[in-house]
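Each chain gets a letter, A, B and so on, in the order the sequences are listed, and its residues count up from 1.
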Protein chains: 2
Amino acid sequence: MSTAAARHQRLHSELRERICLLDYPPGTKLSEEALAAEFGTSRTPLRRVLARLEDEGLVESRHGIGTLVTDVDMALMAQVYDLRLHLAALAGQLDPLPVTPGVRAEIRDFVTRGEALLAAPDPRAFAALNSAYHRFGLSLTGNAPLRETAARLYYLTARIWLTSIPRMNLTSECAIFLGEMRETETALAAGDTAAAALIRRAHISMSVHRMTR
Amino acid sequence: MSTAAARHQRLHSELRERICLLDYPPGTKLSEEALAAEFGTSRTPLRRVLARLEDEGLVESRHGIGTLVTDVDMALMAQVYDLRLHLAALAGQLDPLPVTPGVRAEIRDFVTRGEALLAAPDPRAFAALNSAYHRFGLSLTGNAPLRETAARLYYLTARIWLTSIPRMNLTSECAIFLGEMRETETALAAGDTAAAALIRRAHISMSVHRMTR
DNA sequence: ACAGCCACAGTTGTGCACAACTGTCTAGCT
DNA sequence: AGCTAGACAGTTGTGCACAACTGTGGCTGT
C-alpha cells in the first residue's frame, strides 16, 4: 500500500538528505522534470515536495529561472544555532521519556559506530552518523512539537559542518564526537535524560565555537 | 505587481485566520473548488496553500473524503504550550532589539485598544487583539527563526482560547489582558525587553492554568 | 565598432481533464 | 425484513498542455 502521502514523505526525505549532504551544493538548479523522471512521477507530486522544501528554507523557486538550493547564510545560521542550543536543553526538561533497555542498547550501538568512525574518519560518514544521533537525542523527549521544531532547525544548519570540516581536524572532530556519545551513555545509564540533554547542548555550543574560529 | 508568491501569502494568511477565528470550526470540510472560485483562481494554486496549512497541522487532506480542519487535540496542545512558554522567555534573551520610540508608541496603542476592549468585551475582538499583540511581542527579538517558530506554534494553539471562553469570565479575561499590556508598557519604558518577555511568559502560563481548570 | 532589440530556449506557474478513492443510497435477492 | 452488491455522487490526486517569465545570444541599424 503505497499512498500518496507515503511517497511524499519518501521524496521529501530523499531530497532533504541530498541537500544536507551537499550532493546538491548551494546554488544547484533542481530540474522539476528531471527529478520527476528519476522518481517515476509527473511534475505535480514533485512540485509539492519542492514547495515544502521551500517553506523549510532549503530551496527557493523563482519563476522563469529555476528551483535553486539556498546558500548558507551565516548570520541566519548563527541565530538558528542560538535557538537550537536552548531547544537541545529543553529536550531533557519537557516530557523526558524513561530510559528503557532499548534506549541503552541504542546509545551503546552509537558508541560502537562512533568507534568505527574514529578508526576510519570520513566526512560523509560523520555527517550521516551525526544526523542519526540527532534523531536519537530528540527521541528522549515525549514532546512532539519540540521534536519537529528541533528537527526542522537541525536540517537548516546541517550543511554548515560539511562546509567547515575542510578547515578543521577531522580525526579530532571524530574523537570529540565519540567522547560526547560516551558521556551520554554514562548519563543515560544513570537514567538522567536531563544531563544527556545538557551534554548535547554543551557539545553543540563547542562545535559552533570550533567552526566559527 | 501581484506575484504568485504574494497571492500565496495572502490566501495562506486569510485561510489561517478563518481557521483560528473558528469561522471554519474543527471538522469543517474545505472545498478546493469553492475556495478556488471565491479567490478567483483554479484549484492548483489553492492546493499549494492547503498543502502548507496541512504541513502546519491546521488541516488534513484525505483522498476521496475532503480537506478537513483538524480538531484541537488537548494532549498535543498541552505540549505546544509547554514549548511556547520557553520560547516566549527566549524572545527576551536572544537578540533583544532596542526599545525605540516606535516600539513605545506601539505598546501605548495596544494599551489604548485594550482599554477599548475592556469597555466593550467581545470574544472575537479579544482574539484579534491577542493575535496582533502576539506578533508585537515577537517583534522584540531580532532572531528570525525564533519568530517564525513561535508564530507557527501560536497559530496551532490560537483556537483553544476561543473554545474555552464560554466557560470563562470574558470581562475578567479582558481586564487581565489589559493588565499584562500595562505591565509590559512599564517594562518597555525602562528598556527592559527581557522583563517584557518574562511578563508574557507568566501570562501565557496563567492563561493556560485558567483555561484547563 | 557598438548599442539596442528581438527571437528563442529553458524554467516555473496555471488551468483543465481525468484517474483514484470513499461513503451513501438503492435495487434486488434470499 | 434484512442483507449484500453495485451504481453513483463527490472529493482529492495526477498528468499534461499551455501561459508567464527570465536570461542569453545573435542580428541589425547606425
Side-chain angles (χ1 to χ4, degrees), chain A residues 1-16 18-20 22-71 73, chain B residues 1-19 22-71 73:
Chain A
M1 176 188 91
S2 175
T3 65
R7 177 181 61 182
H8 175 76
Q9 282 297 331
R10 211 174 55 236
L11 296 195
H12 175 73
S13 297
E14 175 66 26
L15 289 183
R16 184 178 59 187
R18 290 184 188 180
I19 292 171
C20 291
L22 300 186
D23 292 334
Y24 297 146
T28 304
K29 185 157 64 178
L30 302 183
S31 167
E32 294 183 353
E33 203 149 356
L35 287 176
E38 176 188 346
F39 294 119
T41 71
S42 76
R43 281 177 56 211
T44 307
L46 190 95
R47 275 176 63 76
R48 175 166 174 181
V49 176
L50 291 180
R52 182 170 164 197
L53 290 172
E54 183 168 20
D55 289 339
E56 293 171 346
L58 294 179
V59 305
E60 183 184 356
S61 290
R62 295 194 210 173
H63 193 181
I65 308 283
T67 300
L68 309 176
V69 175
T70 56
D71 54 359
D73 178 352
Chain B
M1 175 188 93
S2 174
T3 65
R7 177 181 60 181
H8 174 77
Q9 282 297 331
R10 211 174 55 235
L11 296 194
H12 175 74
S13 297
E14 175 65 27
L15 289 183
R16 185 178 59 186
E17 190 174 351
R18 291 184 188 181
I19 292 171
L22 300 185
D23 292 333
Y24 297 147
T28 304
K29 186 156 65 179
L30 303 183
S31 166
E32 295 183 352
E33 204 149 354
L35 287 175
E38 176 188 346
F39 294 120
T41 71
S42 75
R43 281 178 56 211
T44 308
L46 190 96
R47 275 177 61 75
R48 175 167 172 178
V49 175
L50 291 180
R52 182 170 164 197
L53 289 172
E54 184 168 20
D55 289 339
E56 293 170 347
L58 294 178
V59 304
E60 182 184 357
S61 292
R62 295 193 210 174
H63 193 180
I65 307 282
T67 301
L68 310 176
V69 176
T70 57
D71 53 358
D73 178 352

Between B:E60 and B:T67, is there a donor-acceptor pair closer than 3.5 Å when you use the side chain of the first and the backbone of the second? no
Side-chain (A:T28) to main-chain (A:P25) donor-acceptor, under 3.5 angstrom: yes
Protein-nucleotide distance (B:L46, atom CG; D:dT12, atom C1'), rounded to Å: 12 Å
For DNA chain D, find the residues of residues 23-30 of chain A with a heavy-atom distance under 4.0 Å and give them by number; none if there aren't any. none
Please list, chain by chain and in numerical order, all residues satisfying salt bridge (Lys or Arg N to Asp or Glu O under 4.0 Å) with A:E56, sequence neighbours excluded. A:R52
What does the inter-axis angle of the helix from C:dA1-D:dT30 to C:dT30-D:dA1 come out as, five pairs per end, nearest 10 degrees? 30°
Under 4.0 Å from any atom of DNA chain D, heavy atoms only: list the residues of residues 50-60 of chain A that qualify, in numerical order. none
Is it true that B:E14 and B:R10 have a side-chain N and a carboxylate O under 4.0 angstrom from each other? no
Those residues that, when tested against B:D23, pass salt bridge (Lys or Arg N to Asp or Glu O under 4.0 Å) (two or more places apart): B:R124
How does each nucleotide of nucleotides 18-26 of chain C score, in 5' to 3' order, for protein heavy atoms under 4.0 Å: base (B), sugar-phosphate only (S), or none (-)? --BBSS---
Can a salt bridge be assigned to the pair A:R48 and B:E54 using a cut-off of 4.0 Å between side-chain N and carboxylate O? yes
Would you say D:dG15 has OP1 or OP2 under 4.0 Å from some side-chain N or O of A:T44? no
Between B:T70 and B:G57 (side chain of the first, backbone of the second, donor and acceptor by atom type, cut-off under 3.5 Å), is there such a pair? yes
Does a nitrogen or oxygen in the side chain of A:S42 sit under 4.0 Å from OP1 or OP2 of D:dG15? yes
